[in-house]
> 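Starting off with a structure, shown below.
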Amino acid sequence: MAKIIIGNWKMHGSQALAETLVPRVASFAAEIKSKGEIVLCPPATLVPLVAKLTQGSFLATGAQDCSAETEGAYTGEVSAVMLAQAGCRYVIVGHSERRARHKELNEIVKAKAEAAIAAGLIPVICVGEQLAQRESGLAVRYVTQQVRECAPSKGQFLLAYEPVWAIGSGKVPENADIEQMHQQIAALVPGISVLYGGSVKAANAADILSVPGVSGVLVGGASVNVDEFCGIIAASGE
Ligand code: PGA
């Protein structure tokens, strides 16, 4: 089945990066006849530019967060409707960096996912355990609770399993652990596509994507490097 490759630029990038990376990734995907769904999630200010650059290509645009509110006195926030109008098809919600730095709890993550669905976007809901939970054997129980409390009851969405200790660390769980968690999430939300995220690179993408139950990858650091990101697209099959 076609894989989903999502690049989360985090707070990296510039107009110049978008103008060089997007056309190169688009032509690479066309060249290898990639059947994957490839999504670029730049910082909010670059969303309109990336959406324009991806028009007519295999690529889609996403954002990294949205407000749970539709409109109003919420200084600094951007609504899902605004992101849809700016050209987004997807939005990441509940990324561990937002959970940690902005104290986003499951309740708010679910509200954001519901706001995204209402605006016609596909939310990519991130879940994942901390190292201490993995080491004490509580990873599956913790992620189960996150999924139960974050998943909307209706509408289309994706889940991304991102162990917090694997993000930006170069560490990746054993394939068996990835498989176990993906199976558990699929059992909780039948029919869902579950992506893996955390230190995905061109060198390990094929291995991770071959794990049963892995529908795609959510890529951070490697997504702002054209060669790395194209290598991951190549690993996702033609
Ligand atoms: P990483 O980040 O690929 O740099 O580990 C993944 C993520 O945070 O989504």
Side-chain angles (χ1 to χ4, degrees), residues 3-13 17 21 25 36-44 46-47 50 59-66 83 88-104 109 112-113 116 121-131 133-134 139 142-143 146-147 150 157-175 177-178 181-182 185 193-209 211 214-236:
K3 303 286 186 183
I4 306 163
I5 313 295
I6 304 184
N8 170 13
W9 292 12
K10 308 195 178 183
M11 204 168 73
H12 295 291
L17 178 89
L21 183 144
V25 171
E37 172 77 343
I38 302 163
V39 185
L40 305 176
C41 301
L46 293 174
V47 160
V50 170
L59 315 186
T61 306
Q64 299 173 13
D65 181 41
C66 69
L83 293 171
C88 283
R89 276 230 309 271
Y90 293 82
V91 60
I92 298 168
V93 295
H95 189 281
S96 68
E97 285 151 16
R98 295 208 59 88
R99 290 177 185 266
R101 295 185 64 94
H102 301 273
K103 310 283 175 280
E104 288 188 10
V109 174
K112 288 182 175 202
L121 299 178
I122 301 172
V124 182
I125 305 170
C126 301
V127 294
E129 81 284 357
Q130 313 274 338
L131 186 58
Q133 291 155 341
R134 167 66 55 190
Y142 181 76
V143 171
Q146 281 186 318
V147 172
C150 295
F157 60 94
L158 303 173
L159 278 161
Y161 168 53
E162 298 204 298
V164 178
W165 52 273
I167 294 177
S169 65
K171 293 187 195 131
V172 175
E174 299 292 329
N175 283 357
D177 290 332
I178 297 178
M181 196 65 88
H182 280 240
I185 296 172
S193 292
V194 190
L195 315 187
Y196 168 80
S199 295
V200 177
K201 310 268 179 269
N204 62 15
D207 189 39
I208 291 169
L209 285 163
V211 175
V214 173
S215 300
V217 283
L218 178 52
V219 185
S223 72
V224 283
N225 177 312
V226 179
D227 294 333
E228 278 289 320
F229 198 58
C230 287
I232 293 166
I233 294 169
S236 73

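Being a predicted model, the structure only gives us computed values, none of them experimental. Read the numbers this way: they start at 1 and go in the same order the structure lists the ligands and their atoms. All values below were derived from every heavy atom in this structure, side-chain atoms included, with hydrogens, water molecules and symmetry-related copies excluded.
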> Show me a pair-per-line table, with atom names and distances to 0.1 Å, of protein N or O atoms that are under 3.5 Å from an N or O of ligand 1.
unit_1: ligand 1; atom_1: 2 (O); unit_2: Lys10; atom_2: NZ; d: 3.3
unit_1: ligand 1; atom_1: 3 (O); unit_2: Gly220; atom_2: N; d: 2.8
unit_1: ligand 1; atom_1: 4 (O); unit_2: Gly221; atom_2: N; d: 2.8
unit_1: ligand 1; atom_1: 5 (O); unit_2: Gly168; atom_2: N; d: 2.6
unit_1: ligand 1; atom_1: 5 (O); unit_2: Ser199; atom_2: N; d: 2.8
unit_1: ligand 1; atom_1: 8 (O); unit_2: Lys10; atom_2: NZ; d: 2.7
unit_1: ligand 1; atom_1: 8 (O); unit_2: His95; atom_2: NE2; d: 2.6
unit_1: ligand 1; atom_1: 9 (O); unit_2: His95; atom_2: NE2; d: 3.3
unit_1: ligand 1; atom_1: 9 (O); unit_2: Glu162; atom_2: OE1; d: 3.3
unit_1: ligand 1; atom_1: 9 (O); unit_2: Glu162; atom_2: OE2; d: 2.6

> To the nearest 0.5 Å, what is the distance between NE2 on His182 and CG on Asp177?
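It comes to 11.0 Å.
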> Got a sec, which pairs hit salt bridge (Lys or Arg N to Asp or Glu O under 4.0 Å) with one end in residues 221-230, sequence neighbours left out?
Arg24-Asp227
> Can you name the closest pair of heavy atoms from Ala166 and Ser199 and give their distance?
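Closest approach of Ala166 to Ser199, heavy atoms only: O-OG, 2.6 Å.
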> Which pairs pass salt bridge (Lys or Arg N to Asp or Glu O under 4.0 Å) with one or both residues in residues 158-171, sequence neighbours excluded?
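Not a single pair qualifies under salt bridge (Lys or Arg N to Asp or Glu O under 4.0 Å).
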> Given side chains that start at C-beta, do those of Val124 and Ile4 come closer than 4.5 Å, heavy atoms only?
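Answer no - side chains too far apart.
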> For Tyr142, which residues count as a side chain to side chain contact (heavy atoms under 4.5 Å, CB included) partner, sequence neighbours excluded?
Glu129, Gln133, Gln146
